[in-house]
Amino acid sequence: MAYNDLFLRACRREPTERTPIWMMRQAGRYMAEYRAIRQAHGFLEMCKTPELAVEVTLQPVDLVGVDAAILFADILLPLEGMGLDLEFAKGEGPVIHNPVRTLSDVKALRVSDPIEHTGYVMDAIRILRQELKDKVPLIGFAGAPFTLASYMIEGGSTRAYINCKSLMWQEPEAWHALMEVTTDTVVEYLKAQIEAGAQAVQVFDSWVGFLSPSDYAEYVLPHTARLIEEVSGLGVPVINFANNASSMLDLVKSAGGDVIGLDWRIDIAKAAEAVGPEFAIQGNLDPMTLFAPVEVIERKAAELLEAVGTRPGHIFNLGHGIHKETDPDHARALVRAVHEHSSRIRGASAS
Ligand code: CP3
């Protein structure tokens, strides 16, 4: 099969004969092939063993038929090199044993050296480019400064962001210093991924939707904008995904990027209009749609594609990560539906 660069062309807003699709968290637990490997290895161990990371990155490309691979890794990996003690505890998700709560905690952090501390990620990228050369492009990624800072301050996942927001409002100096060192770390990390061969990079701001627009503008946007600015112009598209932030798309857009990632809480036609023609868009099917019968999945995919029409620069994706209970046959059905239906819409307009 010939190399499929639809994803990269869509990122650049070039015409495509059909719409490319990939799914956030496509390498993961909904696949039996992933669970078989995971059973024998810890999650961090998998991330740090390039051969295993490569294998699970390729699984959804080969078995689900997506148009791009996303590196199997985690947004929290660079935190170790900053001086944080990270663990993925069974059944609990990520835990940071030495959370950041004061200015002196922030001052003790350093910028992680991407090669010294996360060289295994770059090794996996180099192997993947070899393995993928006749298939699809490879996406690298990192967490956005806010989402990473929220884990560093809370020490794990949270619902209320009490410590995080308290630090932000009570100790703005500590807050901004933390955002600075985190931004510097992510800039170096993404530059190293691009140098190793990542063909696009996605910035995940998974939890930024917990902020009000004015707090996003004051405490987060300047840092995210600097991050995106510093990794733009390196020859690879940057995807800016701010989850649950469709009520502040104007601000998200001003942080930059080539592609704006959309969650499912906004109508895609409205989002496309709000974002404007100078950005590509990525999204935005509710991930839970994959629990519906296949006919419903097909109808929802078709409706979404019809709403986008022939606008140049649409990458089909879920509005957030695929759920671990998803039936892989339903993920495959979605990919098939997007390919078939978008060929009808876009193929017709291309000829
Ligand atoms: O998209 C992909 O397939 C690439 C792999 C990927 C993982 N994590 C693998 C993973 C990516 C892109 C991430 C990013 C990530 N990690 C984010 C941002 C993405 C998003 O959903 O918004 C976040 C917030 C994290 C932090 C993280 N990692 C959490 C909160 C958890 C626990 C979640 C849970 O459901 O248990 C992880 C673990 C994790 N990262 C798993 C995978 C496949 C599950 C680990 C396992 O096998 O037990």
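Each ligand, and each atom within it, is numbered from 1 in the order the structure gives.
Taking 4.0 Å as the cut-off between side-chain N and carboxylate O, Arg9 and Glu17 count as a salt-bridged pair. Classification of Glu295 and Lys300 as a salt-bridged pair fails, no side-chain N sitting under 4.0 Å from a carboxylate O. By the 4.0 Å N-to-carboxylate-O rule, Asp250 lies too far from Lys253 to be salt-bridged with it. Asp258 and Arg13 are not joined by a salt bridge, as no carboxylate oxygen comes within less than 4.0 angstrom of a charged side-chain nitrogen.
Between Ser206 and ligand 1, an N or O atom pair is found at a separation short of 3.5 Å. The N/O atoms of Trp207, backbone and side chain alike, include none that comes under 3.5 Å of an N/O atom in ligand 1. Some N or O of Tyr34 is nearer than 3.5 Å to an N or O of ligand 1, by distance alone. Residue contacts with ligand 1: Met24 is placed with no nitrogen or oxygen under 3.5 Å of a nitrogen or oxygen of the ligand (distance criterion only). Residue-to-ligand polar distances keep Trp22 apart from ligand 1: every N/O pair is separated by 3.5 Å or more. At a 3.5 angstrom cut-off on N or O pairs, Tyr151 does not count as close to ligand 1.
The aromatic rings of Phe204 and Phe241 stand perpendicular to each other, their planes meeting at an angle above 60°, with 30° marking the opposite boundary.
Considering only non-hydrogen atoms, atom 17 (C) of ligand 1 lies nearest to Ile75 out of Ile75, Leu76, Asp263. Considering each of Phe141, Phe88, Tyr30, Phe43, the one bringing a non-hydrogen atom nearest atom 12 (C) of ligand 1 is Phe141.
The proximity of Lys324 to ligand 1, defined as any non-hydrogen pair under 4.0 Å, does not occur for either the backbone or the side chain. Looking at Arg38 against ligand 1, only its side chain comes within 4.0 Å, counting heavy atoms. The residue Pro60 has no part lying near ligand 1, judged by heavy-atom distances below 4.0 Å.
Of all atoms in ligand 1, listed by their number and element, those nearer than 4.0 Å to a heavy atom of His320 are 20 (C), 21 (O), 22 (O). The ligand atoms of ligand 1 that sit less than 4.0 angstrom from a heavy atom of Phe72 are 43 (C). Atoms of ligand 1 found under 4.0 Å from any heavy atom of Gln26 (numbered from 1 in listed order, with element): 1 (O), 2 (C), 3 (O). The atoms of ligand 1 that sit less than 4.0 Å from any heavy atom of Ile70 are 1 (O), 2 (C), 3 (O), 4 (C). Per-residue contacts place Pro94 under 4.0 angstrom from the following atoms of ligand 1 (heavy atoms of the residue considered): 29 (C), 30 (C), 31 (C), 32 (C). Remark: ligand 1 atoms within the under-4.0 Å shell around heavy atoms of Leu71 are 4 (C), 5 (C). Near Ala73, meaning under 4.0 Å from one of its heavy atoms, ligand 1 places the atoms 5 (C), 6 (C), 7 (C), 8 (N), 9 (C). Which parts of ligand 1 touch Ala27 is read off a 4.0 Å heavy-atom cut-off, strictly below it: atoms 3 (O), 43 (C).
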List the steps, then state whether ring-ring contact (aromatic ring centres under 6.0 Å, His included) holds for Phe43 with Phe72.
-> CA-CA 10 Å; Phe43 174 66; Phe72 177 80; 5.6 Å; yes
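For the pair Pro20 and Leu6, the tightest heavy-atom approach, listed with the atom from each and the gap, is CG-O, 3.7 Å. Looking at every heavy atom in both residues, Thr102 comes nearest to Ala174 through C-CB, 4.5 Å.
Centroid-to-centroid, the aromatic rings of His223 and Phe146 stay 6.0 Å apart or farther.
The protein atom (non-hydrogen) at minimum distance from atom 19 (C) of ligand 1 is Phe204 CD2, 3.4 Å. Atom 1 (O) of ligand 1 has as its closest protein heavy atom Arg25 N, 2.7 Å. The nearest protein atom to atom 35 (O) of ligand 1, hydrogens excluded, is given as Arg29 NH2, 2.6 Å; this is a heavy-atom distance.
With Gln59 contributing its side chain and Glu33 its backbone, the two residues share a donor-acceptor pair below 3.5 Å. Of the possible polar contacts, none joining the Gln193 side chain to the Leu190 backbone as a donor-acceptor pair under 3.5 Å is found. No side-chain donor-acceptor contact under 3.5 Å links Arg226 to the backbone of Thr183. A distance-only check finds a donor-acceptor pair linking the side chain of Arg129 to the backbone of Gly197 [under 3.5 Å].
Side-chain contact check for Gln170 and Trp175: no donor-acceptor pair (N or O, by modelled atom type) lies under 3.5 Å.
Using a non-hydrogen distance threshold of 4.0 Å, Asp74 registers as a contact of ligand 1.
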